[in-house]
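Everything numeric in this text was worked out from a predicted model, so none of it was measured. In what follows, every chain begins at residue 1, and chains take the letters A, B, ... in the order their sequences are listed.
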2 protein chains.
Amino acid sequence: MTVASLEDPTPEAALEFIEAEMAADAMITIVGECIVDYTGRTDSFLPAGERLVVLKPDGTLLVHRMEKRTPVNWQPPGCIHQPAVEDGVLTVQSTRRDPEEVVDIEFRTVLQVSAMRLADGRELDLVGTEEDLRQRILADPTLVEDGFTPQDTERWNVAGPADIYGEDAAGRPVIVELKRRRVGPDAVSQLKRYVDEFVRDTGHEDVRGIVVAESLTENAKALADREGLEFIPLAPPEDSVTGTTATLDEFGD
Amino acid sequence: MTVASLEDPTPEAALEFIEAEMAADAMITIVGECIVDYTGRTDSFLPAGERLVVLKPDGTLLVHRMEKRTPVNWQPPGCIHQPAVEDGVLTVQSTRRDPEEVVDIEFRTVLQVSAMRLADGRELDLVGTEEDLRQRILADPTLVEDGFTPQDTERWNVAGPADIYGEDAAGRPVIVELKRRRVGPDAVSQLKRYVDEFVRDTGHEDVRGIVVAESLTENAKALADREGLEFIPLAPPEDSVTGTTATLDEFGD
DNA sequence: CATTTGATGTCGGAT
DNA sequence: ATCCGACGTCAAATG
């Protein structure tokens, strides 16, 4: 695949280029000084400045500045991008339905326009998510507690959207809330809600609620204590990149 | 400002270009087939495919595919980008401290490299945030209820991080949770937490908790009812873009 | 610095 | 379609 590009095009040349490439499902990048106007869930106005604008064929729009990971303005996939030249100025309007949102970009200069069709079939393989943690615990429930037995993943309906539902050694119902990392009051609050709903739905007052996470903030700890919820620390599986050099012993084997 | 660009450069040429431009605090874009390896809070691997890579001078890294608003891989501001040529292949390594995170990119082809220094002094002006809603209510407390009087706008120490704290016509304490849009159980749960903490800290059992939002989901409504919390619908101020064409009357002036 | 919460959050899965 | 919760969430304000 190649990348086609125009340097310092006239607005008309840029428009012709963009229209042709959009019709061919290309991704477009535009570098230039622009004004960005957004109306939708909120409204925003971005005065003139130089930015990198990306138009994706799936309807995504990105306006990036020199700083930050988050674009200063954007439009999610599914939008319609409409480029035009109005009064000799290149504009792009991106519209969305439900919610109704519009981003208007007006270019005062166009330094570069590029178009590319990127061949990219493979998917991202992400490891270490909360779901992975869940599988790890289902495979070895003693990570939660000796005698803990998760119930069939299917009849988890009983515990609503709880991450894991099971019984302890004494047969008491247990609702587990999983988090990969240090958690605050919100996660504890969430578990509290599931526990309350379980009691309400089943009448079982003796249910236990357990947060399994890397750690708890102080406020979260206090809240858990107040609400009678438990916490079990669980470090990530030891493969982490935490950079400590291997001990000599490990080479001694 | 200009945009410098190389088409189909050799890895060595690309490296030289990138190093020079990074030294000059430029933002770099690289289009090419690449493999992306991430290790950090989780781990991920992205097999070979063509992508658009952006290196910002503030240490941000973006890897974008043809779809989605969210980059498939990234690094937040503050990271160190290290380009190199290894075994005749262009690579970029972006590292971060605390948490320790590394993104490794290996380019199998480089279709285009560009560099730009974008002049962009102005800030985004965003209107319609929750803070704006808060100001709207402080300016006109009857939006919540007749007789509602917000207390010390300053440090709401009394009511924790509640959005608004005040008293109703009868002098009962009121904690208000604001949301701009339709809210689910999480927001109700949050308000419940603030109310509980207020009761615990002050002993005032007669506190009211009110959700002020566009609307509530059914579950959120049920939860609010169970917990004795109130809901007050509040539409955005009427300026919305809701797209209805202007009536002829408006042109009649 | 850690904590907490909002966000034009985005995104995917389940109902 | 809506609802719901995770996210490598990000980013800002506060203590």
Side-chain angles (χ1 to χ4, degrees), chain A residues 36 38-44 60-61 63 67-79 94 96 98-103 124 126-134 156-157 160-163 177-187 189-190 193-194 215-220 236 241, chain B residues 38-44 60-61 67-78 96 98-103 124 126-134 155-157 160-163 177-187 189-190 193-194 215-221 236 241:
Chain A
V36 187
Y38 158 71
T39 310
R41 287 166 288 179
T42 65
D43 304 276
S44 76
T60 300
L61 165 73
V63 181
E67 305 88 31
K68 298 296 176 202
R69 210 218 66 153
T70 305
V72 61
N73 281 112
W74 71 89
Q75 204 68 291
C79 299
S94 176
R96 175 190 192 187
D98 195 34
E100 189 112 0
E101 297 193 290
V102 183
V103 170
L124 180 75
L126 184 63
V127 179
T129 60
E130 182 179 303
E131 176 59 18
D132 291 329
L133 174 57
R134 182 165 166 272
W156 133 120
N157 308 4
D163 291 326
E177 175 63 31
L178 287 180
K179 293 294 171 195
R180 287 182 307 108
R181 50 189 188 88
R182 186 171 177 82
V183 301
D186 53 339
S189 208
Q190 188 180 357
R193 179 154 52 88
Y194 295 160
S215 57
L216 285 187
T217 67
E218 278 307 309
N219 283 352
V241 78
Chain B
Y38 157 73
T39 309
R41 285 167 290 180
T42 64
D43 305 275
S44 75
T60 299
L61 165 73
E67 307 87 29
K68 299 296 173 202
R69 208 218 69 149
T70 305
V72 61
N73 278 114
W74 70 90
Q75 203 71 293
R96 174 191 192 186
D98 196 37
E100 189 113 358
E101 296 193 291
V102 182
V103 170
L124 180 75
L126 183 64
V127 180
T129 61
E130 181 180 304
E131 176 59 20
D132 291 328
L133 174 57
R134 182 166 166 273
R155 291 307 160 247
W156 25 230
N157 301 349
D163 291 326
E177 175 64 29
L178 287 180
K179 293 294 172 194
R180 286 183 306 109
R181 48 188 192 89
R182 187 169 176 82
V183 301
D186 54 338
S189 207
Q190 186 179 9
R193 179 155 54 88
Y194 296 159
S215 57
L216 285 187
T217 66
E218 276 308 309
N219 283 351
K221 178 87 170 65
V241 75

Q) Which part of the nucleic acid does B/S44 contact within heavy-atom distance under 4.0 Å: base, sugar-phosphate only, or nothing? A) nothing

Q.
Once you apply a heavy-atom cut-off of 4.0 Å, does B/R182 come out as touching a base, just sugar-phosphate, or nothing?
A. sugar-phosphate

Q | Phosphate OP1/OP2 of C/dT4: any B/Q190 side-chain N/O under 4.0 Å | A | no

Q. With a 4.0 Å cut-off on heavy atoms, is B/E67 in touch with a base, just the backbone sugar-phosphate, or nothing at all?
A. nothing

(Q) Side chains of A/R41 and B/R181, heavy atoms from C-beta outward: is any pair under 4.5 Å? (A) no

Q. For B/D186, which contact category applies under a 4.0 Å heavy-atom criterion: base, sugar-phosphate, or nothing?
A. nothing

Q: Would you indicate what B/E218 reaches in the nucleic acid, counting non-hydrogen atoms under 4.0 angstrom: base, sugar-phosphate, or nothing?
A: nothing

Q. Whole-Å distance between D/dA6 C1' and A/R134 CZ?
A. 13 Å

**Q.** Nearest-neighbour nucleotide for the B/P76 side chain, C/dG6, C/dT8, D/dC10 considered
**A.** D/dC10

Q. Taking only N and O in the side chain of A/K68, is any of them less than 4.0 Å away from OP1 or OP2 of D/dA12?
A. yes

**Q.** Contact under 4.0 Å: A/T217 side-chain N or O vs C/dT3 OP1/OP2
**A.** no

Q) Is any side-chain nitrogen or oxygen of B/Y194 closer than 4.0 Å to OP1 or OP2 of C/dT4? A) no

Q | Heavy-atom check, side chain of A/N73 versus side chain of B/L124, under 4.5 Å | A | yes

(Q) Does a side-chain N or O of A/R193 approach OP1 or OP2 of D/dG5 to a distance below 4.0 Å, or not? (A) yes

Q) Would one find a side-chain N or O of B/R181 under 4.0 angstrom from OP1 or OP2 of C/dG6? A) no

(Q) Whether B/K179 contacts C/dG6 is assessed here as follows: a side-chain N or O lying under 4.0 Å from the phosphate OP1 or OP2. Is that the case? (A) yes

Q. When you check the gap from the basic side-chain N to the acidic O, do B/K221 and B/E218 get nearer than 4.0 Å?
A. no

Q.
The side chain of B/D163 is closest to which nucleotide in this list: C/dG6, D/dA6, C/dT10?
A. C/dG6

Q. Start at the 5' end of DNA chain D and walk down; is the nucleotide closest to B/T42 or to A/D98 reached first?
A. A/D98

Q. Does the side chain of B/R96 reach to within under 4.5 Å of the side chain of B/P76, using non-hydrogen atoms?
A. yes

(Q) Going by the rule salt bridge (charged side-chain N to carboxylate O under 4.0 Å, His left out), which residues pair with B/R182 if we only count those two or more places apart in sequence or in a different chain? (A) none

Q: Take atom CZ of B/R96 and atom C1' of D/dA11, then tell me their distance rounded to the nearest Å.
A: 12 Å

Q: Mind calculating the distance between CZ (B/R41) and C1' (D/dG8) to the nearest angstrom?
A: 4 Å

Q) For the pair made of CG in B/N73 and P in C/dT10, what is the distance, rounded to whole Å? A) 20 Å

Q | Residue met sooner reading DNA chain C from 5', once B/G128 and A/G184 are mapped to nucleotides | A | A/G184

**Q.** Between C/dT4 and D/dG8 - P atom distance, rounded Å
**A.** 22 Å

Q) Under 4.0 angstrom, heavy atoms only, what part of the nucleic acid is A/P99 near: base, sugar-phosphate, or nothing? A) nothing

(Q) On the nucleotide D/dC7, are OP1 or OP2 found under 4.0 Å from the side-chain N or O atoms that B/R69 carries? (A) no

Q) CG of A/L133 versus P of D/dG8: gap in Å, rounded? A) 14 Å

(Q) Please compare B/P77 and B/V72 by the position of their nearest nucleotide in DNA chain D and report the one closer to 5'. (A) B/V72

**Q.** Value in whole Å for how far the C1' atom of D/dG8 lies from CG of A/L126
**A.** 7 Å

**Q.** salt bridge (charged side-chain N to carboxylate O under 4.0 Å, His left out) partners of B/R69, counting only residues at least two apart
**A.** none

Q.
From C-beta outward on B/T129, which listed nucleotide comes closest to its side chain: D/dA11, C/dC11, C/dT8?
A. C/dT8

Q: Output yes when at least one side-chain N/O atom of A/N219 is less than 4.0 Å from OP1 or OP2 of C/dT4, else no.
A: yes

